[in-house]
Amino acid sequence: MRSTDRKHARTAGISLILMALIAGYAYGYVHSTLIVASHHNATFAHLKNAPSLYMSCVIGWIIILITDLLVAWSLYKFFAKVNARISLLSGLIRGIYSLILAFAIFQLIAVGQLIHATEPDPAVIMHHLTLFEKYWSFGLILFGGHLLALGYLSVKSNDVPKWIGWLLCFAGFSYTFIHSAKAWTADTAEWISFVETILGLPMAFAEIGLAIWLLWKGGKQK
């Protein structure tokens, strides 16, 4: 059993860290470099001048989607011994989030095709990019629920440090709160952005902390 747990822990840990690194590149670097919010023509010019860079971003998101599914399965198997039903629920929620993320990625793929169209429309391209943000943000509402369930399982576990579980619960609540606010209160975008900036570090560190623990000690004999 421990050897199986160790395998699932390593798979989840490696996938989480790989996902974080690729997301930092795809969204933190490429997206912020090429996409100029509310400026159709400037965004189109950037995309037209750097199609290879943009496609590397799309490939990055596809890899993120694959690793998300690996994480959903591996964490379900790893935490099933703590509470099989809640572990299954947590995995299913992350699976549904991954499905929504796939719809969001299709918007990015559409943009890649439109860039090379005979008569590309910058407004249509920006529309697809906006849909990507909306779909992804909606999916992150559910993702918060996954982290809450994962936090509960971590707190109840005899192996995972309690602080990781509570940090996951905090991150889950933050994801759900922030992205629900984005969906329903567009007029307070600046306030939401401010809150997201403050909570961003603990939200990011929650999964990274779990990933490091999974790689270091997850599934090992005490």
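In this structure, CD1 on I66 lies 10.5 Å from CD1 on I64, to the nearest 0.5 angstrom. Distance check: L140 CG to L147 CG gives 9.5 Å after rounding to the nearest 0.5 Å. Once rounded to the nearest 0.5 Å, the distance linking CD1 of I17 with CE of M19 reads 11.0 Å. Remark: N41 CG to I125 CD1 distance equals 10.0 Å, nearest 0.5 Å.
When atom types are taken as modelled, the side chain of K81 and the backbone of F78 share a donor-acceptor pair closer than 3.5 angstrom. The backbone N or O of L215 lies less than 3.5 Å from a partner atom in the side chain of R6, making a donor-acceptor pair. Although no hydrogens or angles enter the test, the distance criterion places no donor-acceptor pair under 3.5 Å between the side chain of S137 and the main chain of E133. No donor-acceptor distance shorter than 3.5 angstrom exists from the side chain of S74 to the backbone of V71, with no hydrogens or angles considered.
Taking the side-chain hydrogen bond (donor to acceptor under 3.5 Å, both in side chains) definition, one finds that T11 meets it with nothing, sequence neighbours left out. Partners of Y25 by side-chain hydrogen bond (donor to acceptor under 3.5 Å, both in side chains), not counting sequence neighbours, listed by chain and number: S56. The side-chain contact (heavy atoms from CB on, under 4.5 Å) check on I35 picks up H31, T43, L47, L129, with sequence neighbours excluded. Residues that satisfy the ring-ring contact (aromatic ring centres under 6.0 Å, His included) test with Y175, not counting sequence neighbours, are F143. Considering only residues two or more places apart in sequence or on other chains, T130 meets the side-chain contact (heavy atoms from CB on, under 4.5 Å) condition with M126, K134. Contacts of A50 classified as side-chain contact (heavy atoms from CB on, under 4.5 Å), with partners at least two apart in sequence or in another chain: L34, L53.
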Could you pull out all donor-acceptor pairs under 3.5 Å where a side-chain atom in residues 163-171 meets a protein atom, sequence neighbours excluded?
none

Which side-chain N or O atoms in residues 148-157 pair as donor and acceptor under 3.5 Å with protein atoms at least two apart or in another chain?
from: S154; atom 1: OG; to: L150; atom 2: O; distance (Å): 2.9
from: S157; atom 1: OG; to: D159; atom 2: N; distance (Å): 3.0
from: S157; atom 1: OG; to: V160; atom 2: N; distance (Å): 3.3

Donor-acceptor pairs under 3.5 angstrom involving side-chain atoms of residues 98-113: please list them, not counting sequence neighbours.
from: S98; atom 1: OG; to: R94; atom 2: O; distance (Å): 2.9
from: Q107; atom 1: OE1; to: H128; atom 2: ND1; distance (Å): 2.9

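Residue A72 comes nearest to G95 through the heavy atom pair CB-N, 4.4 Å, listed as atom of the first residue, atom of the second, then distance.
Residues M55 and V30 share a single hydrophobic cluster, defined by chaining ILVMFWY side chains whose heavy atoms lie under 4.5 Å apart. Follow the hydrophobic side-chain contacts under 4.5 Å out from F205 and you reach L18 in the same cluster. Under the 4.5 Å side-chain heavy-atom criterion for ILVMFWY residues, a single connected hydrophobic cluster contains both V82 and L210. Residues I63 and Y97 share a hydrophobic cluster, clusters being chains of Ile/Leu/Val/Met/Phe/Trp/Tyr side chains in contact below 4.5 Å.
A salt bridge (Lys or Arg N to Asp or Glu O under 4.0 Å) check over residues 32-55, counting only residues at least two apart or in different chains, returns nothing. Judged as a ring pair (Phe, Tyr, Trp, His ring centres under 6.0 Å), the pairs with a partner in residues 32-72 (not counting sequence neighbours) are, in order, W61-F132, W61-W136.
Side-chain contact check for P120 versus L114: every heavy-atom pair is 4.5 Å or farther apart.
With side-chain heavy atoms closer than 4.5 Å counting as contact, directly or through intermediates, the hydrophobic cluster containing W73 also holds Y76, L88, L92.
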